[in-house]
Amino acid sequence: MKKPKLVVSTGAGISAESGISTFRDAGGLWENYPVMDVASADGFRRNPALVHEFYNARRRALLESEPNAAHRALADLEKDFDVYVITQNVDDLHERAGSSRVLHLHGELMKIRSVSDPDYIESLTPDSPDTTPQTRGRRGDLMRPHIVFFQEAVPMIEPAVELVREADVFVVIGTSLAVYPAAGLLHYVRPGVPVFYIDPNPAQTPAGVRVIRAKATEGMRILTDWLRKHREEYVV
Ligand code: OAD
């Protein structure tokens with residue numbers, strides 16, 4: 001039997017219980033770093049060393065973190081669903097938890113790419129040295145963080161929209177829904193498809209969205225229970 005397609009859109013909140021800072025919560029990253037200095041195309045042009053430093057620090061924090069029960073629960077759901085994760089996160093915790101289909105909308109911390117050829121990407125390892133504006137790849141290109149900066153296009157949004165259009169169940173976890181185009185994905189769900197939003201401090205959502213006001217790990221337990229008990233609502 002064909003498995004139902006479960007499409008999940010995650011934000012920083014799913015990694016919060018792994019010890020990774022979110023951006024807009026109290027004490028979040030954007031309170032401590034001016035976002036347009038460290039995460040925009042203009043900021044990178046003005047002071048690339050600062051931007052490299054910011055992402056080196058994020059990478060160090062990531063290497064000390066582990067996936068949590070919410071990441072693992074999503075990987076487990078692959079037994080019963082075709083699960084597709086669309087994440088705004090640049091960490092690799094979904095992959096490390098075992099999710100096999102992860103689309104990164106905003107790039108990946110453990111990768112760098114050529115400043116002159118956006119298709120030339122290299123992976124870093126836990127032992128890679130910190131990157132600087134002088135870092136060159138194996139081909140000799142100057143490299144930059146593989147991150148979608150503010151003021152840049154989000155090339156992966158088109159495949160993400162296609163996935164959401166095909167979802168039998170759509171779940172949003174741990175995002176303030178403040179950043180577009182990611183926040184707009186909700187609008188591509190087909191009518192009648194159950195939509196859940198797990199967040200302890202949820203943003204406004206369109207009518208019909210089932211809000212689970214809980215942290216990601218607890219919210220995933222509630223969602224998993226619901227999915228087990230309500231197969232008739234989504235089996236295609
Ligand atoms: P935000 O920091 O904007 O929002 C984090 C969300 O996670 C909030 O809604 C919190 O209520 C929620 N949250 C906090 N703790 C949680 C927990 N334990 N479980 C579940 N949810 C929790 O982060 P994002 O929405 O992911 O982009 O931010 C979107 C984008 O803005 C990021 O990808 C990044 C940032 O600028 C770039 O840098 C390109």
Side-chain angles (χ1 to χ4, degrees), residues 8-44 50-59 61-62 65-74 85-94 97 102-113 118 144-157 160 171-186 196-205 209-224:
V8 186
S9 166
T10 67
I14 195 169
S15 298
E17 289 165 272
S18 292
I20 296 192
S21 298
T22 62
F23 298 96
R24 295 176 184 78
D25 289 308
L29 287 169
W30 295 158
E31 219 170 76
N32 298 306
Y33 300 89
V35 50
M36 294 315 272
D37 287 352
V38 298
S40 75
D42 284 346
F44 187 62
L50 178 73
V51 176
H52 276 275
E53 239 171 70
F54 176 74
Y55 288 105
N56 286 327
R58 305 282 70 72
R59 204 174 301 123
L62 174 59
S65 305
E66 297 290 337
N68 63 50
H71 298 104
R72 289 195 298 272
L74 285 178
V85 177
I86 300 167
T87 188
Q88 296 172 77
N89 299 344
V90 295
D91 66 49
D92 59 358
L93 297 179
H94 285 300
V102 185
L103 182 159
H104 286 271
L105 282 175
H106 293 165
E108 291 176 71
L109 264 183
M110 294 306 290
K111 292 182 178 170
I112 49 178
R113 74 166 182 262
R144 56 165 272 182
H146 182 44
I147 300 288
V148 174
F149 294 140
F150 284 101
Q151 302 160 331
E152 291 182 332
V154 181
M156 295 307 280
I157 194 65
V171 183
V172 179
I173 308 175
T175 169
S176 59
L177 296 173
V179 173
Y180 281 81
L185 285 173
L186 266 172
F196 293 87
Y197 175 30
I198 300 172
D199 197 300
N201 186 18
Q204 285 285 344
T205 47
V209 173
R210 303 167 205 219
V211 177
I212 301 176
R213 192 181 278 269
K215 291 185 177 180
T217 53
E218 171 63 10
M220 277 306 298
R221 276 192 286 274
I222 296 168
L223 175 75
T224 309

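Order of listing sets the numbers, starting from 1, for every ligand and every atom in it. Given the structure is predicted, the values throughout are model-derived calculations rather than measurements.
- From the protein, the heavy atom lying nearest to atom 23 (O) of ligand 1 is A12 CB, 3.5 Å.
- Considering NE2 of H106 and CZ of F150, their distance stands at 7.0 Å, rounded to 0.5 Å.
- Proximity of I157 to L105: side-chain heavy atoms (C-beta onward) are separated by under 4.5 Å at one or more points.
- Rounding to the nearest 0.5 Å places CZ of R144 at 11.5 Å from CD1 of I112.
- Backbone and side-chain nitrogen or oxygen atoms of Y55 are examined, and none is located within less than 3.5 angstrom of a nitrogen or oxygen of ligand 1.
- Judged by distance alone, the side chain of D92 and the main-chain N or O of L109 form no donor-acceptor pair under 3.5 Å.
- For ligand 1, the polar-atom distance check finds no N/O of Y197 at less than 3.5 Å from any of the ligand's N/O atoms.
- At the shortest separation from atom 33 (O) of ligand 1 among protein heavy atoms lies H106 ND1, 2.8 Å.
- For ligand 1 and E17, the ligand atoms under 4.0 Å from any heavy atom of the residue are 18 (N), 19 (N).
- Listed by number with element, the atoms of ligand 1 under 4.0 angstrom from any heavy atom of G11 are 26 (O).
- The closest non-hydrogen atom to atom 39 (C) of ligand 1, taken over V148, N89, N68, L29, comes from V148.
- Closest to atom 21 (N) of ligand 1, if we only count protein heavy atoms, is P200 CD, 3.2 Å.
- Close approach of ligand 1 to F150 (heavy-atom distance below 4.0 Å) involves ligand atoms 36 (O).
- Summary of contacts: the protein heavy atom closest to atom 29 (C) of ligand 1 is Q88 OE1, 3.1 Å.
- Of the protein's non-hydrogen atoms, the one nearest atom 25 (O) of ligand 1 is T175 OG1, 2.7 Å.
- Evaluated for a side-chain contact (heavy atoms from CB on, under 4.5 Å) with P145, the options H52, R113, K111, E108 yield exactly one hit, H52.
- A side-chain donor-acceptor contact under 3.5 Å links N89 to the backbone of G11.
- Distance from atom 16 (C) of ligand 1 to its nearest protein heavy atom, with residue and atom name: G13 O, 3.6 Å.
- For atom 8 (C) of ligand 1, the choice among N201, D199, I173 with the nearest heavy atom turns out to be D199.
- Among protein heavy atoms, the minimum distance from atom 19 (N) of ligand 1 is reached at A216 N, 2.8 Å.
- On a distance-only criterion, I198 and ligand 1 share no N/O pair closer than 3.5 Å.
- Polar contact check, K215 against ligand 1: no nitrogen or oxygen pair lies under 3.5 Å apart.
- Ring pair F149/Y55 is tilted by interplanar angle, where 30° to 60° counts as tilted.
- At a 3.5 angstrom cut-off on N or O pairs, R24 counts as close to ligand 1.
- No donor-acceptor pair closer than 3.5 Å links the side chain of E17 to the backbone N or O of K215.
- Judged by distance alone, the side chain of D37 and the main-chain N or O of G43 form no donor-acceptor pair under 3.5 Å.
- For atom 5 (C) of ligand 1, the choice among G174, A214, A183 with the nearest heavy atom turns out to be G174.
- Atom NE2 in H94 sits 10.5 Å away from atom CD1 in I86 (nearest 0.5 Å).
- At the shortest separation from atom 3 (O) of ligand 1 among protein heavy atoms lies S176 OG, 2.5 Å.
- Relative to atom 14 (C) of ligand 1, the option among I14, V35, D25, T10 with the closest non-hydrogen atom is D25.
- Taking every non-hydrogen atom of W30 and a distance limit under 4.0 Å, the qualifying atoms of ligand 1 come out as 35 (C), 36 (O), 38 (O).
- For the atom pair CG of L93 and CD of E66, the computed distance is 8.0 Å after rounding to the nearest 0.5 Å.
- Residue I222 holds its CD1 atom at 7.5 Å from CD1 of I198, rounded to the nearest 0.5 Å.
- Near V179, with a cut-off below 4.0 Å to any heavy atom, the atoms of ligand 1 are 29 (C), 30 (C), 31 (O).
- In this structure, the separation between CD on Q88 and OG on S15 is 11.5 Å, given to the nearest 0.5 Å.
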